[in-house]
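Residue numbers count from 1 along this sequence. Since the structure is predicted, the reported quantities are computational estimates derived from the model, not experimental observations.
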Amino acid sequence: KNEKEKSANLTRRLLETEDTLMKTSAVLDATEKTEQKLISEGKDLISAVTRSIQDGDKLYSLLEESRDADIERRIATKDFNLATAQILQEVLSKISTLGEAEKKYHSVLTEKSNSS
């Protein structure tokens, strides 16, 4: 009876070990699939973040270009306004000079006509 009990006990333990091994194998397979899926999702996330950073860099570059162009436009506008003001000042000065010359000419003509 002792041998039969030992044999039955060993058979039971062997079956339990096989069952445990099958469960462990199933868990390991599921874990491997989960790891592969997580790695794939992680790579996808890294790609999305990389694209987002690149898009942000492009947008920042466009904003810098726009800002630089705006600064150049402001400088050009200021230079144009200064040049226009200077030209207008010269025109006013010449008009004033012409006005004075016209008055002198008128005086000269008036004096000549009075003396004749």
Side-chain angles (χ1 to χ4, degrees):
K1 212 178 182 183
N2 202 6
E3 285 297 318
K4 279 191 171 189
E5 284 181 21
K6 283 183 181 180
S7 178
N9 196 14
L10 283 174
T11 302
R12 184 182 48 80
R13 286 180 60 199
L14 180 61
L15 290 173
E16 288 174 0
T17 302
E18 284 179 355
D19 184 53
T20 302
L21 182 59
M22 286 176 56
K23 288 178 182 177
T24 301
S25 180
V27 168
L28 288 175
D29 286 343
T31 301
E32 183 179 352
K33 288 178 184 176
T34 301
E35 285 176 354
Q36 289 173 352
K37 186 173 181 178
L38 287 173
I39 288 170
S40 176
E41 288 176 2
K43 287 179 180 178
D44 290 345
L45 285 173
I46 289 170
S47 293
V49 169
T50 301
R51 282 192 307 275
S52 177
I53 289 170
Q54 290 170 347
D55 289 346
D57 288 346
K58 287 177 186 175
L59 180 60
Y60 181 76
S61 181
L62 289 173
L63 288 172
E64 278 187 322
E65 289 174 14
S66 176
R67 183 201 61 181
D68 292 346
D70 189 45
I71 289 170
E72 288 176 15
R73 278 191 297 277
R74 287 182 194 169
I75 290 170
T77 300
K78 182 180 176 184
D79 291 346
F80 174 78
N81 288 340
L82 288 173
T84 302
Q86 184 179 5
I87 289 170
L88 286 174
Q89 189 61 39
E90 289 175 16
V91 167
L92 289 174
S93 173
K94 296 206 187 249
I95 288 173
S96 176
T97 302
L98 283 173
E100 291 172 12
E102 189 270 331
K103 284 180 186 177
K104 285 181 186 177
Y105 180 72
H106 182 68
S107 288
V108 168
L109 284 179
T110 306
E111 281 180 25
K112 281 189 178 184
S113 78
N114 287 341
S115 58
S116 307

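Between the side chain of Ser107 and the backbone N or O of Lys103 there is at least one donor-acceptor pair closer than 3.5 Å. Checked by atom type and distance alone, the side chain of Ser93 never pairs as donor or acceptor with a backbone atom of Gln89 at under 3.5 Å. At least one donor-acceptor pair closer than 3.5 Å links the side chain of Thr24 to the backbone N or O of Thr20. In this structure, Thr110 contributes its side chain and His106 its backbone to a donor-acceptor pair below 3.5 Å. Judged purely by atom type and a 3.5 angstrom limit, Thr50 uses its side chain to pair as donor or acceptor with the backbone of Ile46. Looking at Ser7, its side chain never comes within 3.5 Å of a backbone N or O of Glu3 through a donor-acceptor pair. With hydrogens and angles disregarded, no donor-acceptor distance shorter than 3.5 Å links the side chain of Ser61 to the backbone of Asp57.
From Glu16, atom CD reaches atom CG of Leu21 across 13.5 Å, with rounding to the nearest 0.5 Å. With values rounded to the nearest 0.5 angstrom, Ile87 atom CD1 is found 11.5 Å from Lys94 atom NZ. Atom OG1 of Thr84 is separated from atom CD of Gln86 by 10.0 Å, given to the nearest 0.5 angstrom. Here the straight-line distance linking atom CD of Glu18 with atom CG of Leu14 works out to 4.5 Å at 0.5 Å rounding. Atom-to-atom distance recorded for Glu90:CD and Leu88:CG is 9.5 Å, nearest 0.5 angstrom. Atom OG1 of Thr17 and atom CE of Met22 lie 13.0 Å apart (nearest 0.5 Å).
The existence of a salt bridge linking Glu100 and Lys104 is excluded, since no basic side-chain nitrogen approaches an acidic carboxylate oxygen closer than 4.0 Å. With respect to Lys23 and Asp19, a salt bridge is recorded, a charged nitrogen being found less than 4.0 Å from a carboxylate O. A salt bridge is absent between Asp55 and Arg51: the closest approach of a Lys/Arg side-chain nitrogen to an acidic carboxylate oxygen does not fall below 4.0 angstrom. Between Asp70 and Arg67, none of the side-chain N atoms (NZ, or NE/NH1/NH2) sits under 4.0 Å from a carboxylate O, so this pair counts as no salt bridge.
For Arg12, the CZ atom sits in a packed shell: over 12 heavy atoms of surrounding residues, nucleotides or ligands are nearer than 6.0 Å.
Proximity of Val91 to Ile95: side-chain heavy atoms (C-beta onward) are separated by under 4.5 Å at one or more points.
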